[in-house]
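Protein chains get the first letters and strands the later ones, always in sequence-line order, with residue 1 at the start of each.
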Amino acid sequence: MDEIRVRIAPSPSGNLHIGTARTALFNYLFAKKNNGKFILRIEDTDAERTSQSYIDNIFDSLKALGLNWDEGPDVGGPYGPYTQSERFDIYPKYVRELLDKGFAYECFCTPEELEAEKEEASKNKKAYVYSKKCENLTEEQKAKLRAEGRKPAIRFSVEKARKAFHDSPVVHFEDLVKGDLHQDTSLIGDFVIMKSNGSPTYNFAVVIDDMLMKISHIIRGEDHISNTFKQILIYEALGAEVPKFGHLGMILAPDRSKLSKRHGATAVSEFVEKGYLTEALINFVALLGWSPSDGVEIKTLDEIAGDFRINEVSSSNSVFEYDKLNWMNGQYIKKMDIKELTKLAKPFLSKYDLTEITEEQLEKVIAATREPITILSDLTYDTAYFFGRDIEYEEGVKEANVDTEQAQNILKYFYSKLDEYDFDNEEKLHDQLADFRTYFKEQYGIKPKVTMWTVRAALTGRTHGADMGVILEVLGKNRVKYRIEKAIK
RNA sequence: GCUCCCAUCGUCUAGAGGCCUAGGACACAUCCCUUUCACGGAUGCGACAGGGGUUCAAAUCCCCUUGGGAGUACCA
């Protein structure tokens, strides 16, 4: 295998999970770094849990994250189809091969019989291993079972396969991230590779698909470690080259349990809906297990790819904390192109009448409110006073900043100067505002901060927010006058 | 239960036997800057899970304990 080929194989039983996104990312990075191919395969074998909307979500999320694939269901490729349900007719051939080679056998056990075996095992505090009672069925016995209407599943003969290729029952492989990993295969029961209904099981289908798609490196979550030994045996039994494996630590919730709905968003699309930028998400998730050699954490996908080495990825689990994600998202919001940011912000401004202001003004509003925010949804509240005629005061603000005698004086003076102000010229406006502050400082010793608080409170109902110049400019003389009038007693 | 994986500040991590008085980032605290909130800058707080070895020397290697995670399906 000379060409580096990796894959991400999500099963569409839900929207693209952030953990799957990270696995996809590491595969993508590995491919980019090594001039390889990144392949997308949809594992929709479980028809009941699969839905088209999930498939669409997976496509859209991966694209949004910038994880573009070289081969996949939509773009095709030399080893398609890339949707597992369209590959059903290719598996029987390999089952046949295994059967012929003696590495697999038919199993007629009923669910009840199997259940009994399991119960027995747990009663004896032993690990459950299939009894193999169907391994040596004679043709007559099979014929009889078949006559009863029983349909066989096909099991893989773990011991036979292992003996053919390994001296010891303990099988080892060199993991790309964890190093030497081993497992006593005598503890692995003969597992089903093809269900009695004719569909392949996961462990079998992945091997066949990866083999046929010439996947050279399999990078996935460490929850697959135990599957790896089964899969290695299948590759060997089929006479196929065994790919290299790399197992990543899992992403945990802050309580160290599996990241799930109750911890908040789990799907990439949910994060986006909440106001996270895909650039920040992918950057953040890259830092879970990987760290840049130069210590600079904010990096583009390309930069990360250039610096990426799979063997340097951490082999332990990592906790997904919002604090750093939020910080990072804020960093991206601050740096993002304002036109693009404005576009992304609009869904969060849907409750306002955006036709009140021009697109150019909207951009100014976003530019002036983007600084302190951490997620896009903060914009909903933070831009509120730019819209509509009236404002809502925050708790206590009116009493403390508008109703006092000093405040009233400031507001009256401010009102009297309004006609002199140049509302269409941001720079001039800033100078005029500065003069206004200075006036109160020199005349009455009032801190500039306090002076501005007063005006700000009267205009926005708050003591903090966007730059005052921008507020005046976007509000325009009429609304400013109106709001000040309402504030003056 | 059995099997496997993992173990450095609260969190993400740097660290491949001496460069470690353990570095960075987030968070937190204080200060500076400032028309507010922020941003930015400075400083501080803060960790090698515990116990045994090996070695002149261990966060780094080995063993045990403890803790956490995963797997144990005719799910994927």
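Between A/Leu288 and A/Gly295, the residue whose closest nucleotide on RNA chain B is further toward the 5' end is A/Leu288. Residue order along RNA chain B, read from the 5' end via each residue's closest nucleotide, puts A/Ile225 first among A/Ile225 and A/Lys334.
The nucleotide B/U72 finds its pairing partner in B/G1, both defining distances of the Watson-Crick or G-U wobble pair being shorter than 3.5 Å. Across all strands shown, B/A7 forms a Watson-Crick or G-U wobble pair with B/U66, both key distances being under 3.5 Å. As the counterpart of B/G46, no nucleotide is assigned, since no Watson-Crick or G-U wobble pattern has both distances under 3.5 Å. With both pairing distances under 3.5 Å, B/A59 is matched to nothing as a Watson-Crick or G-U wobble pair. Nucleotide B/C31 has B/G41 as its partner under the Watson-Crick or G-U criteria, with both atom distances under 3.5 Å. Pairing for B/U36 is absent, with no Watson-Crick or G-U wobble pair whose two atom distances lie under 3.5 Å. Judged by Watson-Crick or G-U wobble contacts below 3.5 Å, the nucleotide B/C19 has no partner. Nucleotide B/A14 has no partner under the Watson-Crick or G-U criteria, as no pair reaches both atom distances under 3.5 Å.
At whole-Å resolution of the value, OH in A/Tyr276 and C1' in B/C26 are 13 Å apart. A/Lys335 places its NZ atom 10 Å from the P atom of B/G40, with the value rounded to the nearest Å. One can place OH of A/Tyr332 at 24 Å from P of B/A38, the figure rounded to the nearest angstrom. We find that CD1 of A/Ile42 is positioned 20 Å from P of B/C75, with the value rounded to whole Å. Rounded to whole Å, the distance from CG on A/Asp184 to P on B/C2 is 15 Å. Spacing between atom NE2 of A/His17 and atom C1' of B/A76 amounts to 14 Å, rounded to whole angstrom units. Between A/Leu16 atom CG and B/A76 atom P there is a gap of 19 Å when expressed in whole angstrom units. Summarising the geometry, the separation between CE on A/Met468 and P on B/U35 is reported as 13 Å, rounded to the nearest angstrom.
Closest contact between the side chain of A/Asn203 and the listed nucleotides B/A25, B/A76, B/U13 involves B/A76. Nearest to the side chain of A/Val192, among B/U35, B/C74, B/A7, sits B/C74. Distances from the side chain of A/Arg456 to the nucleotides B/A70, B/C5, B/U35 place B/U35 closest. Side-chain proximity of A/Lys195 to B/A76, B/U13, B/U35: nearest is B/A76. Closest to the side chain of A/Glu371, from the set B/A38, B/A14, B/U35, is B/A38. Considering only the side chain of A/Met452, B/U35 comes nearest among B/U35, B/U36, B/C26. The side chain of A/Gln84 lies closest to B/A76 when the candidates are B/A76, B/U36, B/U35. Comparing B/A76, B/U13, B/U11 by their closest approach to the side chain of A/His224 singles out B/A76. In the set B/C5, B/C74, B/U13, B/C74 carries the atom at the smallest distance from any side-chain atom of A/Lys118. Here the nucleotide nearest the side chain of A/Ser226, chosen from B/C4, B/C39, B/G71, is B/G71.
Using a 4.0 Å heavy-atom cutoff across all strands shown, A/Asp382 reaches no nucleic acid atom at all. No engagement by A/Gly221 is indicated, since no non-hydrogen atom pair under 4.0 Å with the nucleic acid exists. When heavy atoms are screened at a 4.0 angstrom cut-off, A/Leu187 is found touching the sugar-phosphate backbone but no base atom. Contact annotation for A/Lys125: backbone-only contact, meaning every heavy-atom pair under 4.0 Å involves sugar-phosphate atoms and none involves a base. A/Leu114 comes within contact range of at least one nucleobase, with a heavy-atom separation under 4.0 Å. Looking at heavy-atom distances under 4.0 Å, A/His430 makes contact with a base. Within 4.0 Å of A/Arg256, counting heavy atoms only, lie sugar-phosphate atoms of the nucleic acid but no base atom. Among the atoms of the strands shown, only primed sugar atoms or phosphate atoms (P, OP1, OP2) are found under 4.0 Å from some heavy atom of A/Gln183. Among the protein residues, A/Gly249 comes within range of no part of the nucleic acid, since none of its heavy atoms lies under 4.0 Å from any strand. Nucleic acid contact class of A/Glu113 (heavy atoms, under 4.0 Å, all strands): none. As judged by a 4.0 angstrom heavy-atom cut-off over every strand, A/Lys447 is placed among residues making no nucleic acid contact. Using a 4.0 Å heavy-atom criterion, one finds that A/Arg462 contacts no nucleic acid atom at all. Across all strands, A/Asn124 comes closer than 4.0 Å to no nucleic acid atom at all (heavy-atom distances).
Rounded to whole Å, the C1' atom of B/A25 lies 25 Å from the corresponding atom of B/G69. Taking atom C1' on both B/C45 and B/A29, the two are 7 Å apart, rounded to the nearest angstrom. Between B/U54 and B/C19, the two C1' atoms lie 23 Å apart (nearest whole Å).
Considering A/Leu379, A/Ile375, A/Ile373 in turn, A/Ile373 is the only one that fulfils the side chain to side chain contact (heavy atoms under 4.5 Å, CB included) rule with A/Ile333.
Side-chain atoms of A/Arg155 come within 3.5 Å of backbone N or O of A/Asp190 as a donor-acceptor pair. Put simply, the side chain of A/Lys324 never gets that close to the backbone of A/Glu321: no donor and acceptor are under 3.5 Å apart. The backbone N or O of A/Thr374 lies less than 3.5 Å from a partner atom in the side chain of A/Asn329, making a donor-acceptor pair.
Ring pair A/Trp290/A/Phe308 is tilted by interplanar angle, where 30° to 60° counts as tilted.
A salt bridge links A/Glu113 to A/Arg150: at least one charged side-chain nitrogen sits closer than 4.0 Å to a carboxylate oxygen. A salt bridge links A/Glu420 and A/Lys417; the closest N-O separation between the charged side-chain nitrogens and carboxylate oxygens is under 4.0 Å.
Under a cut-off of 6.0 angstrom, the local environment of NZ in A/Lys441 is sparse, with at most 12 non-hydrogen atoms contributed by other residues, nucleotides or ligands. The neighbour count for A/Lys334 NZ, taken as heavy atoms of other residues, nucleotides or ligands under 6.0 Å away, is above 12.
Side chain A/Ser196 to base B/C74: a donor-acceptor pair is found below 3.5 Å.
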